[in-house]
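Note sheet for the following structure.
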Amino acid sequence: MKNERMRIALIADAYSPIRSSAAVQMRDLAHELVAQGHAPTVIVPSTFIEGEWSLENEAGVEVFRVAAPRTKDIGRVHRVVAEMLLPYVMLKGVSKSPLLEARWDGVVWYSPSIFMGPLVNRLKRNSGCRTYLILRDLFPEWAADARVIRRGPAFHLLKWVAHYQYSLADTIGVQSPANVALVSNGSGKDYPVEVLYNWLSEPESNGKGPLIIRRTNLKGRKIFVYSGNMGISQDMPAVLHLAARMQRRKDAGFLFVGRGTEVPMLRSIAQQLQLDNVLFHDEIEPWEVPGLLSQCHIGIIALDPRHTTHNVPGKFLSYLRAGLPILARINPGNDMEKLIHEERIGLVSTEKGID
């Protein structure tokens with residue numbers, strides 16, 4: 001079937017116009033499949049459509065949205081409950097739509113979330129097709145590393161859910177070579193795992209968008225930029241404390257662009273420390289990112305050093321495409337450490353703080 005037109009179901013918990021890395025990557029993947037002559041259908045939950053479901057065509061990509069409860073930027077308990085219900089809500093939407101009779105040549109799904117297994121299983125069983133899991137985060141391992149959850153009953157339940165979705169995949173694509181062994185670690189099973197690096201399409205525009213740094217309090221400074229999610233797994237307070245130590249340097253500024261559960265706390269810390277070399281800005285459109293980075297000088301990557309799993313975030317590619325050197329605070333042994341050192345593209349810290 002290599003040269004045949006395939007109908008492919010792409011399942012994710014986020015898609016355009018949402019601006020998260022998952023949404024952008026799945027959009028780019030869908031558009032590339034269209035460019036190669038295939039027929040992708042994105043199946044995604046939505047909190048902003050009217051009715052139970054909607055089906056539309058966006059530049060050759062069929063997008064099926066199912067009305068679903070919110071799963072982002074809410075309390076941890078509510079989020080887990082909402083995500084556990086999500087595949088069943090989506091199955092209900094599919095059963096009431098024209099997709100009920102659809103037959104797929106392949107099913108591809110993106111994790112996180114780890115809870116899409118029931119939906120994937122139904123589509124796979126009905127069509128007798130092969131499946132591919134794009135596995136970006138090893139959850140719940142990273143949550144336990146960051147002390148978000150304990151390695152008790154809840155952890156082992158979530159671990160079972162994660163391994164259930166692994167069992168449904170004919171192939172699992174992880175974003176880092178070191179994660180290959182970690183997928184099977186402790187399970188006693190030999191899952192079909194390969195390395196699928198993150199990807200990035202050409203930008204739609206080089207316009208700078210609404211954020212013009214020379215019009216802000218960071219005017220004239222060398223800009224350290226962090227663009228992306230600011231959550232627990234990043235441990236962003238360490239980056240703010242680096243900004244505090246550099247506050248006397250009037251030639252350096254720190255720009256934080258994005259969303260996340262930790263943003264209110266980070267803003268509060270910056271206010272308490274009276275940091276005049278720091279600027280926060282809300283999440284921007286993907287097409288605005290190249291223009292933003294063209295105004296900056298150093299790209300920041302922050303991952304909690306307590307992690308035992310490995311992550312090569314999409315922002316890493318964005319920084320490199322913009323020609324920015326990298327300042328990374330990551331966990332010891334992360335594949336990114338070797339890459340940055342060997343390619344001489346920045347500096348890496350695996351300590352508890354950035355010095």
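Any value given below was found using the heavy atoms of this structure, including those in side chains, with hydrogens, waters and symmetry copies removed. The shown structure was predicted, so the numbers you read here are calculated from the model rather than taken from an experiment.
When only modelled atom types and interatomic distance are considered, S113 and D13 share no side-chain donor-acceptor pair under 3.5 Å. Between the side chains of E194 and Y132, at least one donor-acceptor pair of N or O atoms lies under 3.5 Å. Side chains of S111 and Q165: a donor on one and an acceptor on the other come within 3.5 Å.
Within the model, atoms CD1 of I223 and CG of L293 stand 12.0 Å from one another, a figure rounded to the nearest 0.5 Å. Note: H38 NE2 to E32 CD = 9.0 Å, rounded to the nearest 0.5 Å.
With sequence neighbours left out, the ring pair (Phe, Tyr, Trp, His ring centres under 6.0 Å) criterion links F139 to W142. Listed by chain and number, the residues in a side-chain contact (heavy atoms from CB on, under 4.5 Å) with R7 are T41, E62, L99, A102, W104, D105 (sequence neighbours excluded). Judged as a ring pair (Phe, Tyr, Trp, His ring centres under 6.0 Å), and not counting sequence neighbours, the contacts of F280 are F256.
Under a 3.5 Å cut-off, the side chain of Q234 and the backbone N or O of G231 do form a donor-acceptor pair.
Aromatic ring pairs are classed by plane angle as parallel below 30°, tilted from 30° to 60° and perpendicular above 60°; the pair W160 and Y164 is parallel.
Note on residues 274-284: pairs passing side-chain hydrogen bond (donor to acceptor under 3.5 Å, both in side chains), not counting sequence neighbours, are Q247-D276. Evaluation of the side-chain hydrogen bond (donor to acceptor under 3.5 Å, both in side chains) test over residues 88-98, restricted to residues two or more places apart or in two chains, returns E52-K96. For the ring-ring contact (aromatic ring centres under 6.0 Å, His included) condition, the pairs that include at least one residue of residues 213-250, sequence neighbours left out, are F224-F254.
Neither I18 nor M26 shares a network with the other; the hydrophobic side chains, linked directly or stepwise wherever heavy atoms of I, L, V, M, F, W or Y lie under 4.5 Å apart, form separate groups for each.
Nearest heavy atoms, V89 versus A67: CG1-O, 3.3 Å.
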